[in-house]
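As a basis for the values below, the full set of heavy atoms in this structure was taken, side chains included, without hydrogen atoms, waters or symmetry mates. Note on naming: letters A, B, ... go to the chains in the order of the sequence lines (proteins, then strands), and numbering restarts at 1 for each one.
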Protein chains: 2
Amino acid sequence: MACQSVGEVDGTPYGAAGPMCSRDVSAGFPQPGHDHHPCRLRFVAGAEAVCREKGARLTRVRRQVLEILAASHRPLGAYDILEQMVSTSPSGRRPAPITVYRVLDFFQELGMVHRLSSRNAFFLCSQGGHRQTMPFWLCRECDTVTEASLPELEMAMPRRAAELGFSPISVQVEVEGVCPHCRARGRDPVMVEGCR
Amino acid sequence: MACQSVGEVDGTPYGAAGPMCSRDVSAGFPQPGHDHHPCRLRFVAGAEAVCREKGARLTRVRRQVLEILAASHRPLGAYDILEQMVSTSPSGRRPAPITVYRVLDFFQELGMVHRLSSRNAFFLCSQGGHRQTMPFWLCRECDTVTEASLPELEMAMPRRAAELGFSPISVQVEVEGVCPHCRARGRDPVMVEGCR
DNA sequence: CGTGAAAATGTGACACTATAACGTTTCTCT
DNA sequence: AGAGAAACGTTATAGTGTCACATTTTCACG
């Protein structure tokens with residue numbers, strides 16, 4: 001499965017799943033004002049592909065959560081998602097928190113959703129579902145989160161683990177800082193419409 | 001300040017702060033049945049040194065939390081600490097949660113306590129107070145947590161960040177797996193007395 | 001079809017984690 | 001000693017996550 005870095009701007013992680021955001025992307029960080037529609041389509045199409053491939057059921061609730069996550073480049077808390085389920089749903093019904101967590105667990109097990117543990121927040125994998133070591137780059141200003149590989153880490157980790165006699169099962173790397181767009185804006189902490 | 005890897009068994013992170021656990025340590029992972037007393041002394045002495053050096057006040061409550069953390073190689077939740085404060089304290093008084101969190105914040109700002117965000121748990125820095133990138137290695141079986149550097153990561157991170165146009169402010173690396181001692185025990189999930 | 005097992009979701013309660021706001025005590029410095 | 005700052009106490013509450021069990025939906029198989 002294609003799991004290359006988002007940093008590879010012209011890569012096609014999901015195959016030809018739809019128009020890419022190439023023009024709007026700077027090394028994986030979405031432009032604040034970019035047209036999010038293509039990203040969204042790509043996210044959803046990719047998720048559908050993963051489900052199909054793995055024989056997992058993309059139910060109504062799951063699709064709803066998927067759409068909500070796909071509509072954002074920011075990690076969302078479980079209760080944020082819940083609120084959006086209320087306002088999005090035609091019936092306006094409020095699911096119980098456990099429902100959201102169950103859906104998130106489901107997607108996490110498929111590698112389609114990642115949890116940002118420093119923030120108790122979740123975001124959609126932009127690469128089509130993977131579980132390997134892939135650092136998360138989180139902008140402190142606009143809260144955008146991006147995945148971008150760190151090849152040296154992948155090389156060094158097994159060696160260092162062997163040195164320590166440690167058997168790694170999972171690795172989580174969270175880098176917090178300021179993304180290129182916010183840097184360009186002089187690190188102004190003011191939120192920009194659409195930079196979400 | 002000395003901030004070398006725990007993996008350097010013969011290093012003296014806290015200067016000559018007390019007897020080391022060298023004989024009991026395997027590449028930084030404390031032996032399940034090891035005599036914890038020296039570790040404890042070293043932890044506390046080191047923390048005292050940091051406070052002295054930075055002019056921070058080591059009050060009664062803070063010392064109490066420090067002692068509790070120093071008595072363990074496992075990360076503790078804030079409420080675990082709270083419970084131990086109740087049972088440890090002569091008066092048996094129960095502080096409010098906020099008290100524990102305040103103390104933890106205090107120590108974290110000095111780099112003396114780290115937070116394991118994947119577990120909402122805290123542990124004492126074994127190196128004398130630092131704030132830089134230092135992976136946490138967490139054993140899934142015995143819950144022991146250890147810090148051990150990953151030099152390649154420190155080298156590669158700035159370069160990769162520059163590539164991405166990202167300005168990193170903090171990096172958190174959490175490696176979960178099985179420590180050498182638990183591996184030797186055949187990954188037996190049974191807790192061993194003293195391996196805490 | 002239909003039916004039975006498994007998967008998914010609903011429901012209500014509750015445990016765990018963390019912080020806000022404000023009052024009181026303790027410490028430090030002059 | 002007294003003023004100001006830091007630390008801590010007190011009460012309340014916000015935010016995050018799970019348990020246990022009931023009900024509904026889905027799917028494979030006869």
For [X] and [N], give me the distance from atom [atom1] to atom [atom2], rounded to whole Å.
X: A:Asp80; N: D:dA14; atom1: CG; atom2: C1'; answer: 14 Å
X: A:Gln108; N: D:dT18; atom1: CD; atom2: C1'; answer: 15 Å
X: B:Leu116; N: C:dC16; atom1: CG; atom2: P; answer: 19 Å
X: A:Leu104; N: C:dT9; atom1: CG; atom2: C1'; answer: 15 Å
X: B:Gln64; N: D:dC8; atom1: CD; atom2: C1'; answer: 13 Å
X: B:Leu58; N: D:dA7; atom1: CG; atom2: P; answer: 11 Å
X: A:Asp105; N: D:dG17; atom1: CG; atom2: P; answer: 10 Å
X: B:Phe122; N: C:dC16; atom1: CZ; atom2: C1'; answer: 13 Å

Closest approach of [X] and [Y], non-hydrogen atoms and distance?
X: B:Ala56; Y: B:Phe106; result: CB-CZ, 3.6 Å
X: B:Phe166; Y: A:Gly177; result: CZ-N, 3.4 Å
X: B:Glu147; Y: B:Cys125; result: OE2-CA, 3.4 Å
X: B:Ala70; Y: B:Phe43; result: O-CD1, 3.4 Å
X: A:Arg160; Y: B:Ala148; result: NH2-CB, 3.9 Å
X: B:Leu164; Y: A:Pro180; result: O-CG, 3.3 Å

Listed pairs, N/O of protein and of nucleotides 22-27 of chain D, under 3.5 Å:
from: D:dT26; atom 1: O4'; to: A:Arg57; atom 2: NH2; distance (Å): 3.4

- Query: Quick one: does A:Cys139's side chain get under 4.5 Å of A:Thr146's, heavy atoms only?
  - Reply: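 Not in contact.
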
- Message: Over all strands shown, is A:Arg119 touching base, sugar-phosphate only, or nothing at heavy-atom distances under 4.0 angstrom?
- Response: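 Contact class for A:Arg119: none.
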
- Query: Taking the side chain of B:Arg62 as heavy atoms from C-beta outward, which of C:dA8, C:dA18, D:dC8 is closest to it?
  - Reply: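 Taking heavy atoms from C-beta onward, the closest nucleotide is D:dC8.
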
- Give a yes or no on whether a donor-acceptor pair under 3.5 Å exists between the nucleobase atoms of C:dA15, that is its base, and the side chain of B:Tyr79. no

- Query: Using the C1' atoms of the five pairs at each end, what is the angle between the end axes of the helix from C:dC1-D:dG30 to C:dT30-D:dA1, to 10°?
  - Reply: 30°

Distance check: side-chain N/O of [X] vs OP1/OP2 of [N], anything under 4.0 Å?
X: B:Arg60; N: C:dT25; answer: no
X: A:Asn120; N: D:dG17; answer: yes
X: B:Arg63; N: D:dA7; answer: no
X: A:Thr59; N: C:dT9; answer: yes

- Report the residue from A:His36, A:Gln31, A:His37 that forms a side-chain hydrogen bond (donor to acceptor under 3.5 Å, both in side chains) with A:His34.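 Among A:His36, A:Gln31, A:His37, the one that satisfies the side-chain hydrogen bond (donor to acceptor under 3.5 Å, both in side chains) with A:His34 is A:His36.
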
- Which residues in residues 91-103 of chain B have at least one heavy atom lying under 4.0 Å from any atom of DNA chain D? B:Arg93, B:Ala96, B:Ile98, B:Thr99, B:Arg102

- Qualifying residues under side chain to side chain contact (heavy atoms under 4.5 Å, CB included), relative to B:Arg60, sequence neighbours excluded: B:Gln64

- Note on the structure: Residues pairing under salt bridge (charged side-chain N to carboxylate O under 4.0 Å, His left out) where one sits in residues 168-182 of chain A, two or more places apart or in two chains, turn out to be A:Arg119-A:Glu176, A:Arg140-A:Glu176

- Item | A:Val171 and A:Met157: CA distance, side-chain angles, deciding distance, side chain to side chain contact (heavy atoms under 4.5 Å, CB included) verdict | CA-CA 9 Å; A:Val171 182; A:Met157 179 61 69; 4.0 Å; yes

- Starting from A:Phe136, walk the hydrophobic network (Ile, Leu, Val, Met, Phe, Trp, Tyr; side-chain heavy atoms closer than 4.5 Å) and list everyone else you reach, by chain and number. A:Leu116, A:Phe123, A:Leu138, A:Val145

